[in-house]
Amino acid sequence: MCGIVGYVGEKVALDVVVEGLRRLEYRGYDSAGVAIVTNETLWVAKKAGKLGNLEKLLAEEQLPPSGLGIGHTRWATHGGPTDVNAHPHISSNGRIALVHNGIIENYVTLREELAAAGITCESETDTEIVAQLVGQQVSAGLPLVEAMRVVCGRLRGAFTLVAVDSETPDGVVAARRNSPLVVGVGEGENFVASDVAAFIEHTREAIELGQDQLVSITPDTVKVITFDGEPAEVKPYHVDWDLSAAEKGGYDWFMRKEIYEQPRAVADTLLGRHDANSQLTLDEIRISEAELRRVDKIIVVACGTAFYAGLVAKYAIEHWTRIPCEVELASEFRYRDPIVGPTTLVVAISQSGETADTLMAIRHAREQQSRVLAICNTNGSTIPRESDAVIYTHAGPEIGVASTKGFLTQLVACYLLGLYLAQVREVKYGDEIAEILRELSAMPDAISEVLDDIGPVLNLAAEFADKRSVLFIGRHVGYPVALEGALKLKELAYIHAEGFAAGELKHGPIALIEDQVPVFVVVPPRGRDLLHDKVVSNLQEIRARGAKTIVLAEEDDDEVSRYADVMIKLPRVSTLLQPLVATVPLQMFACELATQKGHDVDQPRNLAKSVTVE
Ligand code: F6R
């Protein structure tokens, strides 16, 4: 939540910062603002609404050229999305401009303290308090980096802070605790940002900042210290994707582009994970095989779409390894006092690697001595850094707020984890694992097949644009697919959508079925006879009550086609892998329906890509 950029160098800082904000707008789009420093003067422009509003303001105000600037795009927490609450916030002495991502939990006490010192805040934000506190420290004679260090020591909560001081116009200072911050290292210029996408156009060399660290950048230097004032060890890395991956490439939406990238993303996530003899080698796993053999329970923690990937993982992992696997919403996990210990493997799934609920869940798990394995798409993000092991999904940057290729690659990583555990614990024969890996390697083509035949789904979206409610049902791994289809539709099209386990319909939800209500039915492959037949029965039940059935089933499944008002054909794949193909039409349906309704598909209302507050 909230995107932050800071720049120092020879380029026009305003251009670099605004371009960076454009690439970070997925993180929040309630307001945007910039500050630049020139001739010991701060220039600030900020505006409620999307970045476009700020750009209009900048076109009118024409700030002077400067090589030093910061910017912010906001997802509101404290105080509504107004001009006044937009960042940057300025200290009363006029020296400090500061932007923030996160929540300062002790802001009420700090605000009272400032009031007692005669400083009143203009905005309702927790951020302005920090700007005022830093302002007090520089007025007392501390250099900006020291002022920030002192203030950070007094803050509770989660924060990435980026600040400039008009009286020391040679650099930017940034700090982080529980919120993301990366440094971009250029030649004669340096950057700080919430995400490398903000500076990928300028440099692919980055440094990940650790917890409770501060960085000060000038055009030629990058200095990292801890909140205790000690020099910190830096971890440089090279970003393995480029600007083209962060652009729309001719598509109307990032989301649509990312849906089409799925065959490649799945292939990349499978790449290099096993040798010619199908021996899985997940080299990012830093938990010994002996420890993995001792695991007696797996708990998957995740939120939203990643949670649904976890639900699929449960079916695969339990079936392949016979280890009991629970799946828990990360936001609920630590508050129910879960039974976890040294033999529990906690698997945290997160595309962004920054989701606060998931982060807090893994911290709780580690406090109970559990081992934590992260499945994550963002190199250098907090969740993998705080985990004992990582399986990175290689989806490339996911910019559309609604997760698509993130989800499919999370599924792949979950399958790989299940197979790896089966191999280590010797509960599956090598040839059985090899067979599943062969099936997995055929999935990119199967997904492409679905995409090549997506026309009927697009037509359906046009036809359903006026519907007020859509239902989704499925069984087994088709159940999480139904939940995911409903979530996509809710978040993008803003219409009522519910996913149900098909077997649960008769226990209540069937009352929702009335004439012409669209119901998407995910039918399992015929390989699972019993399961397949049960869903066919459910299909008949809802059709008899007037539902319009949109059936996702294997291409030559003649048995179901007679109960389908609309048939969406899926390639033949095995039961456990079916979510990789069955989800794709549902993603596209939501994307297209939202487009038809004139919504902003990449930036749905009230949402943000990376939810860094609990
Ligand atoms: C929905 C969506 C969200 C995320 C959730 C977790 O389309 O994108 O539900 O899946 O906020 O995010 P990550 O995976 O970054 O932890």
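For ligands, and for the atoms within them, numbers begin at 1 and follow the listed sequence.
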Next on the checklist: Tell me if a side-chain donor or acceptor on His87 pairs with a main-chain N or O of His100 at a distance below 3.5 Å.
Outcome noted: yes
Item to check | Result of checking Thr305, Thr583, Thr404 against Glu484 for side chain to side chain donor-acceptor pair (under 3.5 Å) | outcome: Thr305
Item to check | Proximal atoms of ligand 1 relative to Glu491 (non-hydrogen, under 4.0 Å) | outcome: 1 (C), 7 (O)
Item to check | Ligand-residue contact atoms, ligand 1 with Gln351, heavy atoms, under 4.0 Å | outcome: 13 (P), 14 (O), 15 (O), 16 (O)
Next on the checklist: Quick one: does any side-chain atom of Thr378 pair with a main-chain N or O of Ser352 as donor and acceptor, under 3.5 Å?
Outcome noted: yes
Item to check | Whether Leu607 lies under 4.0 Å from ligand 1, heavy atom | outcome: no
Item to check | Atoms in ligand 1 with a heavy atom of Ser352 nearer than 4.0 Å | outcome: 13 (P), 15 (O), 16 (O)
Item to check | Nearest-neighbour protein heavy atom for atom 6 (C) of ligand 1, which is reported as residue plus atom name and distance | outcome: Cys303 O, 3.4 Å
Checklist entry - Does the distance from a Lys or Arg side-chain N to an Asp or Glu carboxylate O, for Arg286 and Asp388, drop under 4.0 Å? => result no
Item to check | For Ser350, the ligand 1 atoms whose distance to one of its heavy atoms is below 4.0 Å | outcome: 13 (P), 14 (O), 15 (O), 16 (O)
Checklist entry - So which protein heavy atom does atom 11 (O) of ligand 1 come closest to, and at what separation? => result Val611 CG2, 4.2 Å
Checklist entry - Counting only heavy atoms not in Lys297, do more than 12 sit closer than 6.0 Å to its NZ atom? => result yes
Next on the checklist: Tell me whether Thr358 has any N or O atom under 3.5 angstrom from an N or O of ligand 1.
Outcome noted: no
Checklist entry - Does Lys257 pair with Glu247 as a salt bridge, N-O distance under 4.0 Å? => result no
Checklist outcome for this item: Ala306 heavy atoms within 4.0 Å reach ligand 1 at atoms 10 (O), 14 (O)
Next on the checklist: Could you check whether Phe520 and Phe589 have their ring centres less than 6.0 Å apart?
Outcome noted: yes
Checklist entry - Near Val401, which atoms of ligand 1 are under 4.0 Å from a heavy atom of that residue? => result 8 (O)
Checklist entry - Listed by chain and number, what are the side-chain contact (heavy atoms from CB on, under 4.5 Å) partners of Arg363, not counting sequence neighbours? => result Asn178, Gln211, Leu359, Met360, Thr382, Glu386
Next on the checklist: So that I can tick it off, tell me whether Glu201 and Arg23 are bridged by a salt bridge, with the cut-off set at under 4.0 angstrom between side-chain N and carboxylate O.
Outcome noted: yes
Checklist entry - What atoms of ligand 1 come within less than 4.0 Å of a heavy atom belonging to Ala402? => result 7 (O)
Next on the checklist: Against ligand 1, does Lys488 come closer than 4.0 Å with any heavy atom?
Outcome noted: yes
Checklist entry - Residues two or more places apart in sequence or in another chain: which of them pass side-chain contact (heavy atoms from CB on, under 4.5 Å) with Pro518? => result Phe464, Lys467, Val470, Ile550
Next on the checklist: Taking 4.0 angstrom as the limit and counting only heavy atoms of Gly304, give me the atoms of ligand 1 inside it, by number and element.
Outcome noted: 9 (O)
Item to check | Heavy-atom nearest neighbour in the protein, as seen from atom 3 (C) of ligand 1, with distance rounded to 0.1 Å | outcome: Thr305 N, 4.0 Å
Next on the checklist: Tell me the protein heavy atom at minimum distance from atom 12 (O) of ligand 1, and give that distance in Å.
Outcome noted: Thr355 OG1, 3.5 Å
